[in-house]
Amino acid sequence: MADRSNQRLNEAIEKAISMWDGTIHGQTLRNMYDNGSDYEIICEVAGIEYEDYE
């Protein structure tokens, strides 16, 4: 299971998922997040600067 201890980054990812809700992009992000993909990969797909949350 992926480490999901970065609360600020979790909130940013969940916000991106909400913004894209109902689209394939949003579903892709949700699947990646729920299935344990690494933060770096999710951020790349979501357009989030991972370094800002390290």
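All residue numbers refer to positions in the sequence shown, counting from 1. Since we're looking at a predicted model, the values are computed, not measured.
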Checklist entry - Below 4.5 Å, heavy atoms only, C-beta onward: do E54 and Y39 meet side chain to side chain? => result no

Checklist entry - Hey, what do you get for OG (S37) to CG (L29), rounding to the nearest 0.5 Å? => result 10.0 Å

Next on the checklist: T23: which residues meet the side chain to side chain donor-acceptor pair (under 3.5 Å) condition with it, sequence neighbours left out?
Outcome noted: none

Checklist outcome for this item: The complete set of salt bridge (charged side-chain N to carboxylate O under 4.0 Å, His left out) pairs with one or both residues in residues 16-33, sequence neighbours excluded, reads R30-D34

Next on the checklist: Quick check for you: to the nearest 0.5 Å, what is the distance between I13 atom CD1 and L9 atom CG?
Outcome noted: 4.0 Å

Checklist entry - Quick one: OH on Y53 to CG on N6, what's the gap to the nearest 0.5 Å? => result 9.0 Å

Item to check | With sequence neighbours excluded, residues passing side chain to side chain donor-acceptor pair (under 3.5 Å) with D38 | outcome: none

Next on the checklist: On a heavy-atom basis, which atom in M32 and which in R4 lie closest, and how many Å separate them?
Outcome noted: O-NH2, 3.9 Å

Checklist entry - Does I24 offer a backbone N or O that forms a donor-acceptor pair with the side chain of T28 under 3.5 Å? => result yes

Checklist entry - With distance as the sole criterion, is a donor-acceptor pair present between the side chains of N10 and E14 under 3.5 Å? => result no

Item to check | Selection residues 3-26 - residue pairs positive for ring-ring contact (aromatic ring centres under 6.0 Å, His included), sequence neighbours left out | outcome: W20-H25

Can you list, pair by pair, the side-chain donor-acceptor contacts under 3.5 Å of residues 42-51, counting residues two or more places apart and other chains?
none

